[in-house]
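Here the structure is a predicted model, which means the values were calculated and not measured. Reminder, nothing fancy here: chain letters follow the sequence lines and each chain counts from 1.
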Amino acid sequence: MTGDKPKSAYEDDGAASDREAAPVNFIKHIIDKDIQTGKYDGHVTTRFPPEPNGYLHIGHAKSICLNFGLAEHYGGICHLRFDDTNPLRENTEYVESIIEDVRWLGFDWKDNLYYASDYFDRLYTYAVQLIRKKKAYVDSLSTDEIREFRGTLNEPGKKSPYRDRPVEENLALFEKMAAGAFEEGTCVLRAKIDMAAPNIVMRDPTLYRIRKKSHHRTGERWCVYPMYDFAHCLSDSIEKITHSLCTLEFVNNRELYDWILDALEVYHPQQIEFARLNLSYTVLSKRRLIQLVEEGYVNGWGDPRMPTLSGLRRRGYTPGAIRKFCDVIGVARRDSMVDISLLEHCQREELNVSAPRVMAVLNPLRVVIENYPDGEGEMLEAVNNPEDASMGTRNVPFSRVIYIEKEDFMEEPPKKFFRLAPDREVRLRYAYFIRCRGVIKDEHGEVVELRCTYDPETRGGNTPPDGRKVKATLHWVSERHALSAPVRLYDHLFRVENPQAANDFRGHINPASLTEAASAKLEPALKDARPGMHYQFERLGYFYTDPKESTDDHPVFNRVVTLRDTWAKIRKKQNAGG
RNA sequence: UGAGGGUUGGUCUAGAGGCAAGACGACGGGUUCUGGCCCCGUUAACCCAGGUUCGAAUCCUGGACCCUCAGCCA
């Protein structure tokens, strides 16, 4: 078969890449076919085209990974292009954050950084060409009239009385629009297509509108600005994009994308649509994200609870985990809701092999080891990462008084609770077996201290000569040596799986999305923590020294994600069962 | 009720006329100085009805349901 040869050649290319082979998807099938038929001379050029009017979120990451990933896979290039055609909403703060975020994700557009606003002169010329071809006209209807004339989903629209203005008049009018002779809203340039088109996008869509507003890049140069439908396809064409990927809500616009390029007889990329990402327990629409920020439900776009790339970064999510996530969710055309646990899984998978382990007690309970000599202490060796021996070991100080986690002791342990309880013995990680001999309570009956004894023969946490086993190993911190630091515990921003479906999504914000462990006690090795470092707090989760609030001397920890917690699941089931 | 897009286990994704596959989750077990990691196993899906075919998730016909569009937003 003749078709086999080129195909296997591409497979070889893919295998040569040191990045994990991304799964096949329908877009790759299309591109493979285009390469076989020589549609674009075998080239693949994509682009990521954000509008600089908000911060990038994990949904954008899907598009970024797709566009840059495809270009890389096929040996092509991916442009970064700002779709900045609306000076009302766009500014350089957003441009800068977007550049930072795409870079952080790990992608490189080389020198292919573009702005739709760079093309304003050419776009204007294209518009003039369209007028000359009798395919565009200046309409002097008001906004309301245009809406009325458009018709409805079921009824055709009506032609504007200005629709058949002669070419010369349109030319003169458009020129005056551009020169600032008209006020905003008094006229627009429209494509002359078909007011009865079943696809409403084709009912003489607006191409240019008047905006007497300074643009973040072109300043006062223009007072007419192209609409998305006009600017986008032509920007793609100018940049010789081969495959123009966008989300499903633009399917209806593809007809217009094709119409404009055909009318102007210019290079014609193909638009391919895919389903946007929806993630459970959060929101990903720009409108809702802005609301969260502006109404103060979160602390800005970069709040660690936000699904923005800046928020995820601040929280401690890593670019590798996000890329992996974008790989495993795949790309298709059906609406879907990805479970956020998949994102969390990808993050754990990466940090499991890379994050040094350390002991920290978030909710301390004092434990006095009665048979351990007062005032003495010793260093015990702990491994830094059982997944990676090359990360070495460290020494952890032990002494008579230590802290353990409050939740690791229960006076009346239920079934399947393996941790400390009166008269029960457990292991202190890397230290000793201890047995609980007494419980001290305050006036409210709350347990405030445990009295325990230790077995010297279990030093290092090893099984004693008599072969005695324990069912649990607890993390701990020596009181005398403990460091203190604020630890912020982040959880899902919303209590419901699909807050977007709610009447008012704000009513479902998780009140416990941020809690602080104010009296956390940390092992002294954490004195080396600097802003922007990852750790696993053993038995608790992965933590990150907040890059903004930490200083070299005073780290602030963010919980990125908990460890999988089998006991929490058992307890939940027990509680549910009564 | 116009046009367009869509429907495969709980979730996401493969499948292109020939054994419905993988990941996540859930459940059970093994291992373990993290109730983590790892390992093993179980569970569980082609929207419906017809048709074509030796054979249909896949092709055809009809239907149901979901999503998008009536910005001078993108």
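With no hydrogens or angles considered, a side-chain donor-acceptor pair links A:Glu255 and A:Asn199 at under 3.5 Å. A:Glu381 and A:Asn395 form no side-chain donor-acceptor contact under 3.5 Å, judged by distance and modelled atom types alone. If you check the side chains of A:His232 and A:Arg47, you find a donor sitting under 3.5 Å from an acceptor. There is a side-chain donor-acceptor pair under 3.5 Å between A:Glu145 and A:Ser142. In summary, the side chains of A:Asp388 and A:Ser390 do present a donor paired with an acceptor at a separation below 3.5 Å, with no hydrogens or angles considered.
Look at NZ on A:Lys572: it is 20 Å from P on B:G35, rounded to the nearest Å. Following rounding to the nearest Å, A:Ile30 (CD1) and B:A16 (P) show an atom-to-atom distance of 17 Å. If you take CD1 of A:Ile193 and P of B:A3, they are 19 Å apart, rounded to a whole angstrom. When rounded to the nearest whole Å, the span between CG of A:Asp408 and C1' of B:U34 equals 11 Å. As a whole-Å value, the separation of A:Phe325 CZ from B:U13 C1' is 12 Å. In this structure, the CG atom of A:Asn25 is 13 Å from the C1' atom of B:C12, given to the nearest Å. Between A:Lys471 atom NZ and B:G35 atom P there is a gap of 13 Å when expressed in whole angstrom units. Between the P atom of B:U7 and the CZ atom of A:Phe26 lies a distance of 11 Å, rounded to the nearest Å.
Position along RNA chain B of the nearest nucleotide to A:Glu155 versus A:Phe418 favours A:Glu155 as the more 5'-ward residue. The residue among A:His29 and A:Lys416 whose nearest nucleotide of RNA chain B lies closer to the 5′ end is A:His29.
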What string of B, S and - do you get for nucleotides 36-47 of chain B, 5' to 3', when a contact is any protein heavy atom under 4.0 Å?
BB----------
I need a per-nucleotide contact map over nucleotides 64-74 of chain B, read 5' to 3'. Cutoff is protein heavy atoms under 4.0 Å; write B for the base, S for backbone only, - otherwise.
---SBBBSBBB
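A 4.5 Å side-chain heavy-atom check between A:Leu207 and A:Met227 finds every atom pair outside the cut-off.
Out of B:G35, B:A14, B:G5, the shortest distance to the side chain of A:Arg333 is found at B:G5.
B:A16 and B:U11 have their C1' atoms separated by 25 Å, with the value rounded to a whole Å. Here the separation of B:C39 from B:A23, taken at their P atoms, is 10 Å to the nearest Å.
The backbone N or O of A:Val138 sits less than 3.5 Å from a side-chain atom of A:Arg165, completing a donor-acceptor pair.
Between A:Phe537 and A:Tyr542, the ring centre distance reaches or exceeds 6.0 Å. Aromatic rings from A:Phe82 and A:Phe48 are positioned such that their centres are separated by 6.0 Å or more. Less than 6.0 angstrom separates the ring centroid of A:Tyr94 from the ring centroid of A:Tyr55. A:Tyr137 and A:Phe174 have their aromatic ring centers separated by at least 6.0 angstrom.
Here A:Lys573 reaches the OP1 or OP2 of B:C27: one of its side-chain N or O atoms lies under 4.0 Å away.
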Worked check of ring-ring contact (aromatic ring centres under 6.0 Å, His included) between A:Tyr432 and A:Phe398
CA-CA 10 Å; A:Tyr432 294 98; A:Phe398 185 77; 5.3 Å; yes
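A:Arg211 forms no cation-pi arrangement with A:Tyr225, by the criterion of a distance under 6.0 Å to the ring centre and an angle within 45° of the ring axis.
Residue A:Phe417 is in base contact, counting any heavy-atom pair closer than 4.0 Å across all strands shown. Here A:Ile570 lies in heavy-atom contact (under 4.0 Å) with a base. Looking at heavy-atom distances under 4.0 Å, A:Met202 makes no contact with the nucleic acid at all. Heavy atoms of A:Val353 sit nowhere under 4.0 angstrom from any nucleic acid atom.
For B:G63, the base is anti relative to its sugar; the glycosidic angle deviates from 0 by more than 90°.
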Nucleotide pairing, RNA chain B (Watson-Crick or G-U, distances under 3.5 Å), in dot-bracket with [ ] and |
.((((((..((((....[..)))).(((((.......)))))....(((((..]....))))))))))).....
